[in-house]
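Each remark here refers to the structure printed beneath this line.
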Amino acid sequence: MPATAAQAQPGILDTLAPLGRSLTFSLGSRSNAHNLQAALTRLRDMFAADWGVVGFGAPLVHALDQHVAGLRPFPALEGQGCAAPSTQQAMWILLRGSERSSLFERTAQLVELLGDALVLEDALDTFRYRDYRDLTGYEDGTENPKDAAAIAAALVAEGIGRQGSSFVAVQRWIHDLTRFRGFPAAQRDASIGRRIADNEEIEDAPESAHVKRAAQESFTPEAYMVRHSMPWDNGLQQGTEFIAYGESSDRFENVLRRMLGHEDNIVDALFSFSRPVTGGYYWCPPLRDGHLDLSNIGV
Ligand code: HEM
């Protein structure tokens, strides 16, 4: 029996909420297995599934003296003239909402309930831009698998306390939109590999085109993943909070390595106007009776 959508945190498969807030938490100087256990018990009991998506990083799982098969820290990787840093943290939460008030209140509730076991390290407000577009103006998510294919790509298929869970990759990219807008229109289309006018794929796009680098069916094994990236903008800087769910982190990592030129020295054209500044892998536990099921990490 494969996993069902009902076993997964709903934010993994649902379309983007109008607003998001991407929170990362670190282990504090006062963290220990005892207060982490207590904080996660409170989180399990209080976090409603429609608040968003919760994921645990390797540092947290180790601090609990537990093991999640397949969970590893995000690797720092580089290519010619480009880099993908690792900023692995203990926990990531994507709050989902339709207005700022609830994101504000839930952030405060989380900080209080986590006490000094997990310290809020970073918060980034994200939003849905127009009809699911990246800030470059290109539609993002077109080739996402749907329905049963999305479940197969994003959710762990079996295992007690594991079925319906997912591995997320979170990577913050900062765009240089002034530079991107300075490219001729044909170069902008060629760097994505799709025409902005009709979102059609460009058959003879260069090998550096993002959708050629990332063509999911061209990997062995195939690298289908559910991408729910969200734009962000603070007025001074802007970019993409890249968020992708997979039944393992391998799908994402294989694509990222090819984007960095590891296979053929061809670097993804995205790097000509954008660069990642964070990188983390998190295991998103399944749900049981509408609450987070933390039995796989001993909570
Ligand atoms: C600045 C960061 C990024 C931006 C703005 C971006 C944007 C896009 C856009 C516009 C598309 C075409 C439409 C679609 O199918 O969604 C696309 C496709 C895709 N992207 Fe990205 N992307 C980014 C980073 C990444 C990263 C880091 C990965 C994985 C390591 C990735 C994986 C994919 C995949 C798998 C596809 C679908 C390719 C296919 O099978 O046609 N993207 N992206």
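Every number for a ligand or one of its atoms is a count from 1 in the order of the listing.
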Ligand-residue contact atoms, ligand 1 with [X], heavy atoms, under 4.0 Å:
| X | answer |
| --- | --- |
| Thr240 | 1 (C), 5 (C) |
| Leu256 | 30 (C) |
| Asp134 | 5 (C) |
| Phe252 | 29 (C), 30 (C) |

What protein heavy atom sits nearest [atom], and how far away is it?
| atom | result |
| --- | --- |
| atom 15 (O) of ligand 1 | Glu143 N, 2.9 Å |
| atom 38 (C) of ligand 1 | Ala214 O, 3.5 Å |
| atom 27 (C) of ligand 1 | Gln171 OE1, 3.3 Å |
| atom 16 (O) of ligand 1 | Gly141 N, 2.5 Å |
| atom 26 (C) of ligand 1 | Phe242 CE1, 3.3 Å |

Kindly say whether the aromatic ring centers of [X] and [Y] come within a distance under 6.0 Å.
| X | Y | result |
| --- | --- | --- |
| His291 | Phe47 | no |
| Tyr129 | Trp232 | no |
| Phe25 | Phe56 | no |

**Q.** Residues Trp173, Phe271; criterion ring-ring contact (aromatic ring centres under 6.0 Å, His included); working and verdict
**A.** CA-CA 10 Å; Trp173 290 67; Phe271 285 98; 5.1 Å; yes
Is ligand 1 under 4.0 Å from a heavy atom in the side chain of [X], in the backbone, in both, or in neither?
| X | answer |
| --- | --- |
| Ala215 | backbone |
| Thr142 | both |
| Asp140 | both |
| Leu270 | side chain |

Q. Is any side-chain heavy atom of Asn32 less than 4.5 Å from a side-chain heavy atom of Leu36?
A. no
Q.
Within this structure, what is the CG-CD distance for the pair Asn296 and Gln163, rounded to the nearest 0.5 Å?
A. 12.5 Å
Q: Return yes when Glu201 approaches ligand 1 closer than 4.0 angstrom through a heavy atom, no otherwise.
A: no
Which is closest to [atom] by heavy-atom distance: [options]?
| atom | options | result |
| --- | --- | --- |
| atom 12 (C) of ligand 1 | Val211, Asp268, Ile196 | Val211 |
| atom 35 (C) of ligand 1 | Gln216, Arg213, His175, Glu139 | Gln216 |
| atom 37 (C) of ligand 1 | Glu217, Arg227, His210 | Arg227 |

Q.
On a heavy-atom basis, which atom in Arg106 and which in Arg96 lie closest, and how many Å separate them?
A. NH1-O, 4.2 Å
Q. Hey, are Asn199 and Thr142 close enough side-chain-wise for a donor-acceptor pair under 3.5 Å?
A. yes
Q: State whether a side-chain donor-acceptor pair under 3.5 Å links Thr107 with Arg21.
A: yes
**Q.** Phe74 backbone acceptor or donor facing Gln88 side chain under 3.5 Å
**A.** yes
Q: Flag this pair as yes if the NZ/CZ of Arg258 is under 6.0 angstrom from the six-membered ring centre of Phe219 and inside a 45 degree cone about the axis; otherwise no.
A: yes
